[in-house]
Amino acid sequence: MASRLNPYISFGGDARKAMEFYKEVFGGTLVLNTFGEFGQQDAPQADQIMHAMLETPSGFTLMASDTPPGMNVTRGDNISVSLSGDDAAALRGYWEKLSAGGSVSVPLEKQMWGDVFGMCTDRFGIPWMVNISESQG
């Protein structure tokens, strides 16, 4: 898999409706995963979206999630740039450069879904998410 760069939108509980709307607009394949599917079956947000991905026939990729409890969502400030793929060396290199001089909100480390993931804000105030998938080869 090549590395991918795309917008990632955070929602305050309506990610499913928003992503279904974007699917109507752009077409394509929509995959929705809930918090309950990732071990939080008894949590109040179990049916909310932990990760959604829309891939369109035009080559667009849009990702989104509902924000977990305790994290705020402000419309207009709820979009990050996502870098993902399985080229660990390249993605770690991007992470090091993007986080240098910025701030790290989630360290780049193994997560409950099995991938290595981190979140940072670069020195220009742009929020980034980096996800390194386990190699399928």
Side-chain angles (χ1 to χ4, degrees):
M1 165 202 300
S3 295
R4 155 191 331 238
L5 182 132
N6 58 271
Y8 201 110
I9 307 172
S10 298
F11 292 94
D14 54 356
R16 181 183 305 272
K17 286 182 184 177
M19 292 302 285
E20 288 171 349
F21 167 73
Y22 298 136
K23 181 180 181 201
E24 289 176 22
V25 172
F26 299 112
T29 303
L30 176 61
V31 176
L32 300 169
N33 299 107
T34 65
F35 285 97
E37 292 170 335
F38 283 94
Q40 299 179 22
Q41 297 90 347
D42 298 327
Q45 76 275 14
D47 291 331
Q48 289 187 349
I49 303 303
M50 181 177 171
H51 179 70
M53 183 165 69
L54 175 63
E55 294 184 287
T56 74
S58 299
F60 302 152
T61 299
L62 182 62
M63 296 181 185
S65 66
D66 284 310
T67 303
M71 294 181 72
N72 294 324
V73 174
T74 304
R75 286 183 180 223
D77 290 341
N78 56 333
I79 297 178
S80 299
V81 182
S82 171
L83 274 170
S84 57
D86 60 8
D87 186 340
L91 290 163
R92 284 182 186 280
Y94 299 143
W95 170 263
E96 291 302 321
K97 292 174 184 174
L98 288 166
S99 62
S103 63
V104 173
S105 54
V106 176
L108 188 65
E109 60 190 21
K110 187 113 172 172
Q111 301 295 324
M112 67 181 174
W113 60 88
D115 293 349
V116 172
F117 174 82
M119 294 171 58
C120 68
T121 300
D122 70 22
R123 68 183 107 186
F124 299 102
I126 305 300
W128 293 85
M129 299 177 173
V130 175
N131 192 88
I132 304 169
S133 301
E134 290 293 319
S135 180
Q136 303 299 315

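In what follows, every heavy atom counts, from backbone to side chain, and hydrogens, waters and symmetry copies are set aside. Note that this is a predicted model, so its numbers are computed, not measured.
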- request: Report the distance from atom OG of Ser82 to atom CG of Asn6, rounding to the nearest 0.5 Å.
  value: 4.5 Å
- prompt: Which value, rounded to the nearest 0.5 Å, describes the distance between Phe11 atom CZ and Ile49 atom CD1?
  reply: 11.0 Å
- prompt: If you look at every heavy atom in Thr67 and Gln48, which pair is closest and at what distance?
  reply: O-OE1, 4.4 Å
field: Shared hydrophobic cluster, Val130 / Met50 (ILVMFWY, side-chain heavy atoms < 4.5 Å)
entry: no
- prompt: Counting distance only, does the side-chain N/O of Asp115 pair as donor-acceptor with the main-chain N or O of Phe117 below 3.5 Å?
  reply: no
message: For the CH2 atom of Trp113 and the OG atom of Ser133, what is their distance to the nearest 0.5 Å?
response: 10.5 Å
query: Going hydrophobic residue to hydrophobic residue with side-chain gaps under 4.5 angstrom, can you get from Val31 over to Ile9?
result: no
- prompt: Once you round to the nearest 0.5 Å, how far does CE of Met53 lie from CE of Met63?
  reply: 5.0 Å
statement: When every non-hydrogen atom of Asp87 is compared with those of Ser3, the smallest separation belongs to CB-OG, 4.3 Å
field: Minimum heavy-atom distance between Asp86 and Leu91, given as atom pair plus value
entry: N-CD1, 4.2 Å
message: Using 0.5 Å steps for rounding, measure from the NE2 atom of His51 to the CE atom of Met19.
response: 8.5 Å
- line: All heavy atoms of Ile79 vs all of Pro7, minimum pair found to be CG2-CB, 4.3 Å
- prompt: Linking I/L/V/M/F/W/Y whenever any side-chain heavy atoms sit under 4.5 Å apart, do Phe60 and Met129 land together?
  reply: no
- prompt: Which residue pairs pass the side chain to side chain donor-acceptor pair (under 3.5 Å) test with at least one member in residues 14-31, sequence neighbours excluded?
  reply: none
- prompt: Side-chain heavy atoms under 4.5 angstrom apart, residues restricted to Ile, Leu, Val, Met, Phe, Trp, Tyr: same cluster for Val25 and Leu32?
  reply: yes
- prompt: How far does OG of Ser80 sit from CD1 of Ile126, to the nearest 0.5 angstrom?
  reply: 9.5 Å
query: Do side-chain atoms of Asp66 reach the backbone of Ala15 as a donor and acceptor pair under 3.5 angstrom?
result: yes
message: With a 4.5 Å cut-off on side-chain heavy-atom distances among I, L, V, M, F, W and Y, is there a chain of contacts connecting Trp95 to Trp128?
response: yes
message: Tell me the closest heavy-atom pair linking Leu54 and Gly28, and the distance in Å.
response: CD1-C, 4.2 Å
message: If you compare all heavy atoms of Gly118 against all heavy atoms of Leu108, which two are closest, and at what distance to 0.1 Å?
response: N-CD1, 3.5 Å
